[in-house]
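Below is one structure; the comments refer to it alone.
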Amino acid sequence: MTADQIIFLLCAALILGSALMVVITRKLIHAALWLVAALFGVAILFAILQAGFLAVVQVVVYIGAIAILFIFAVMLTRREMLDNGAQTRSNWWLPALLGFLILAGLVFLIIGQPAFGQSAAEMPTGVDTLRNLGIALVSPDAYVLPFEVASILLLAALVGAVYVASGNKE
Amino acid sequence: MSIPLSWFLILAAALFSIGLFGVLSRKNAIAILLGVELMLNAVNINLVAFWRYQDPAKMAGQVFAIIVFAVAAAEVAVGLALIISVYRSRKTVVADEIDLMKW
Amino acid sequence: MIFLNDPIGFIAGWIRSLLTGWGLSSGLVTVIIYFIGITVLIIFAMVLDILLVWVERKVVARFQDRLGPNRIGPFGLIQPFADIIKLIIKEDITPTGADKILYNLGPVLAIASVIILWAILPISSKIFGVDLNVAVLYLVAAGALGTLSIIVGGWASNNKYALLGAFRMVANMVSYEIPMVVVLLIPTILANSMSVQGITQAQRGMWFAILSPLGLIVFLISAIAELGRSPFDLNEAESEIVAGFHIEYTGMKFGLFYAGELLHAFTFGGFIAVLFFGGYGGFFGLETVGFFSWLNNPFIQVVVFLAKAMFGYWVIMWIKYSMPRIRIDHMLTFNWKFLTPLALVVLVNTAVLSKVLAGLPNWGYVLGMFFSNIVIGYITVEILRSYGRKQRKAEATLSPQRAQN
């Protein structure tokens with residue numbers, strides 16, 4: 001069991017434990033904070049995979065913006081400070097069974113592929129992933145078109161969210 | 001790095017199914033969105049793991065992951081704005097009670 | 001490698017030889033050395049924090065034309081220790097209905113979000129935590145964690161005023177992250193690298209403060225807003241919402257918030273020094289001259305860096321103790337209608353000119369960038385003046401009596 005594998009197992013325990021707490025806990029504000037822990041675990045995973053830029057962007061975008069949006073939305077939509085009653089539907093065993101079946105199916109498919117069982121090759125030296133990522137995002141024969149479409153999508157979402165949340169003043 | 005690729009994929013599959021359970025079994029609309037976020041993160045883990053293990057010199061995996069970040073941020077912003085707007089009119093965020101098209 | 005030229009390498013090599021001599025495996029020795037390094041860095045940051053309490057109180061006293069603490073110890077140097085002892089022996093109250101785990105997590109997250117910044121601060125060319133190639137973005141990520149700590153602290157106090165203070169503070173911090181991210185791209189473009197070591201090395205010829213003074217000003221303003229210091233200190237608005245999100249925190253928990261804020265201010269002073277004032281080097285090429293080659297010594301570089309960081313911190317304190325507080329709606333309007341467009345204009349200007357003027361000799365390049373910033377600043381001031389004139393005219397026509405007074 002090498003050091004890499006120990007770190008990966010700890011990180012996986014953090015992610016899966018926090019994700020389970022997100023979907024099980026009663027108080028919604030705790031669920032939002034467990035989501036922050038799960039997202040932080042995913043950022044650590046990106047760092048293990050040597051995608052450093054994505055790890056930092058994960059913290060900035062998901063934890064710094066999306067998680068804070070969630071916390072604000074939870075605070076703005078509660079009537080009392082308590083969450084009464086059951087938080088899951090009465091037939092929760094059906095989604096649990098479905099989730100378990102999907103997990104079993106996916107694990108069966110993954111284990112069936114021998115190519116996935118190998119460890120990673122060494123990162124090719126001289127490859128500057130940050131620079132390559134920048135070039136790929138703006139180069140015309142790479143991915144500039146999805147990049148621009150994503151920015152238009154964000155602009156539309158920004159305008160739409162501001163309009164919808166501001167309330168129709170009639 | 002001595003971690004087999006299958007470990008990352010199984011982790012992503014487990015995260016995806018936990019998110020799916022959250023979406024299908026929670027009553028509160030915001031809790032459903034939390035489950036959707038978990039599923040999107042599982043997809044991101046898959047993309048970046050395949051990028052690293054197949055061909056780190058080409059950036060398709062990372063670019064796709066960045067587009068998923070942007071789409072997730074846009075979706076959360078609009079979704080939460082809608083939930084807040086519905087809460088203002090109907091005073092509830094329980095998904096079962098938001099069942100009329102027009103009132 | 002002798003000690004004077006490469007202190008960390010020397011000490012790490014010595015510890016490694018000692019521990020492998022005791023029979024530990026190489027991987028475990030590496031982990032132990034990393035942990036020792038982290039502990040030493042954190043101890044250094046926290047001891048510096050104690051000194052900063054003294055500096056803050058002396059400087060604010062001088063700005064207010066008084067002496068400051070001068071009874072305990074020579075020049076009041078033991079005063080911070082008296083403060084710490086007072087905070088530790090105070091009663092630790094948890095309000096009823098507060099969420100215990102979150103209540104205790106708030107101050108921890110607040111101080112953690114500051115200390116993780118010390119991992120990338122380049123104290124010298126050989127003494128630093130880690131040389132990340134995305135260090136500039138890491139600065140923004142640490143700010144995001146700070147925002148989270150404020151919400152957790154404000155929510156867990158089970159107090160309306162704490163929650164209101166936390167909301168306003170978070171709206172402030174999230175809004176001012178935008179011009180900060182935009183302006184952080186300016187040293188990145190000028191240095192062709194996001195790593196702080198690369199940015200410091202690129203300022204050997206000319207400081208970025210001279211190449212882009214408007215970038216420095218916008219970064220200073222957004223940094224002060226991120227810190228939550230005056231004139232953006234809504235969370236400490238004593239006359240408005242008592243003490244904001246840290247009303248309910250007593251004793252050492254409040255001490256952690258307070259110390260974290262001071263250390264955060266000093267760390268941002270350090271980042272202003274690194275990003276715009278040349279960091280630990282930057283003597284306009286003086287250190288290449290044979291006589292001044294001792295300026296390349298790591299320890300001299302530490303002294304230079306700390307001096308520049310203290311200067312940045314002093315500027316932040318100067319602004320804090322000279323200006324009144326800004327109202328929340330004015331603050332947000334200032335950000336979205338003035339600072340963000342200005343930051344975008346400065347960024348586009350820097351990006352375009354750095355490529356257009358690349359062919360000119362060095363003095364042409366520097367003068368071109370500097371004067372373009374002056375021109376943008378002049379145009380901005382003219383726009384503000386015409387806007388002010390229009391507002392004054394509108395007010396005069398609305399109420400002629402008021403205009404005559």
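Per chain, numbering begins at 1; letters A, B, ... match sequence-line order.
- In this structure, the side chains of A:Thr129 and B:Trp51 come closer than 4.5 Å at one or more pairs of heavy atoms.
- Annotation: the span from A:Ile66 atom CD1 to B:Glu75 atom CD amounts to 8.0 Å, rounded to 0.5 Å.
- Around CZ of B:Phe50, the count of heavy atoms belonging to other residues, nucleotides or ligands within 6.0 Å exceeds 12.
- With a 4.5 angstrom heavy-atom cutoff, A:Val74 touches chain B via backbone and side-chain atoms both.
- In this structure, chain A has heavy atoms under 4.5 Å from both the backbone and the side chain of B:Ala60.
- In terms of heavy-atom proximity, B:Arg88 sits nearest to A:Ser166 at NH1-C, 4.1 Å.
- With respect to chain B, the highest number of heavy-atom pairs below 4.5 Å among A:Leu133, A:Val162, A:Val22, A:Ile111 belongs to A:Leu133.
- Heavy atoms only, all atoms of each residue included: B:Leu80 and A:Ala73 are closest at CD2-CB, 3.6 Å.
- Ring to ring, B:Phe8 and A:Phe8 are close: their centroids are under 6.0 angstrom apart.
- The structure places CG of B:Leu34 at 6.5 Å from CG of A:Leu28, a figure rounded to the nearest 0.5 Å.
- For the atom pair CD1 of B:Ile84 and CG of A:Leu76, the computed distance is 5.0 Å after rounding to the nearest 0.5 Å.
- Of all the listed residues (A:Ile135, A:Val61, A:Leu153), the one sharing the greatest number of non-hydrogen pairs under 4.5 Å with chain B is A:Leu153.
- Put simply, of A:Leu9, A:Leu16, A:Val107, A:Ile102, the one with the most heavy-atom pairs under 4.5 Å next to chain B is A:Leu16.
- The CD1 atom of A:Ile6 lies 10.5 Å from the CD1 atom of B:Ile3; values are rounded to the nearest 0.5 Å.
- Looking at B:Leu20, the atoms closer than 4.5 Å to chain A (heavy atoms on both sides) all sit in the side chain, from C-beta outward.
- Below 4.5 Å, heavy atoms of chain B meet heavy atoms from A:Tyr143, A:Pro146, A:Phe147, all part of residues 138-148 of chain A.
- Between B:Ile45 and A:Leu45, the closest side-chain pair of non-hydrogen atoms falls below 4.5 Å.
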Where do A:Trp92 and B:Leu24 land on the side chain to side chain contact (heavy atoms under 4.5 Å, CB included) test, with the steps shown first? CA-CA 8 Å; A:Trp92 61 270; B:Leu24 291 176; over 6 Å; no

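- Taking both residues in full, the closest heavy atoms of B:Leu11 and A:Ala12 are given as CD1-CB, 3.9 Å, listed atom of the first, atom of the second, then distance.
- Note on B:Leu82, B:Asn41, B:Leu15, B:Val23: by heavy-atom pairs under 4.5 Å with chain A, the leading option is B:Asn41.
- A:Ala38 touches chain B through its side chain: at least one heavy atom from C-beta onward sits under 4.5 Å away, while N, CA, C and O do not.
- Top candidate by heavy-atom pairs under 4.5 Å with chain A, chosen from B:Val63, B:Val76, B:Val78, is B:Val63.
- Heavy atoms closer than 4.5 Å to chain B are found in both the backbone and the side chain of A:Gln58.
- There is no contact between B:Ala12 and chain A, counting heavy-atom distances below 4.5 Å.
- Across A:Leu35, A:Val42, A:Leu54, the residue that shares the most heavy-atom pairs under 4.5 angstrom with chain B is A:Leu54.
- For chain A, the nearby parts of B:Ile30 are the backbone and the side chain; heavy atoms of each come within less than 4.5 Å.
- Atom CG in A:Leu94 sits 10.5 Å away from atom OG in B:Ser25 (nearest 0.5 Å).
- Only the side chain of B:Ile67 comes within contact range of chain A, with heavy atoms under 4.5 Å apart.
- Here the shortest heavy-atom pairing between A:Val23 and B:Gly22 reads CG1-CA, 3.4 Å.
- Annotation for A:Ala19 and B:Ile18: closest pair O-CG2, 3.6 Å, computed over non-hydrogen atoms.
- Taking all atoms of both residues into account, the shortest heavy-atom contact from B:Val48 to A:Ala51 is CG1-CB, 3.9 Å.
- With a 4.5 Å cut-off on non-hydrogen atoms, A:Phe70 touches chain B through its backbone and its side chain both.
- The structure places CD1 of B:Ile66 at 5.0 Å from CG of A:Leu137, a figure rounded to the nearest 0.5 Å.
- The backbone N or O of A:Ile48 lies less than 3.5 Å from no partner atom in the side chain of B:Arg52, so there is not a single donor-acceptor pair.
- Interface check for chain A: of the options B:Ala42, B:Ala70, B:Gly35, B:Ala65, the most heavy-atom pairs under 4.5 Å are formed by B:Ala70.
- With a 4.5 Å cut-off on non-hydrogen atoms, A:Phe53 touches chain B through its side chain but not through its backbone.
- Ring geometry, A:Tyr62 versus B:Phe69: the interplanar angle exceeds 60°, so the pair is classed perpendicular (tilted spans 30 to 60°).
- The candidate with the highest count of non-hydrogen atom pairs below 4.5 Å against chain B, out of A:Ala96, A:Ala67, A:Ala150, A:Gly160, is A:Ala96.
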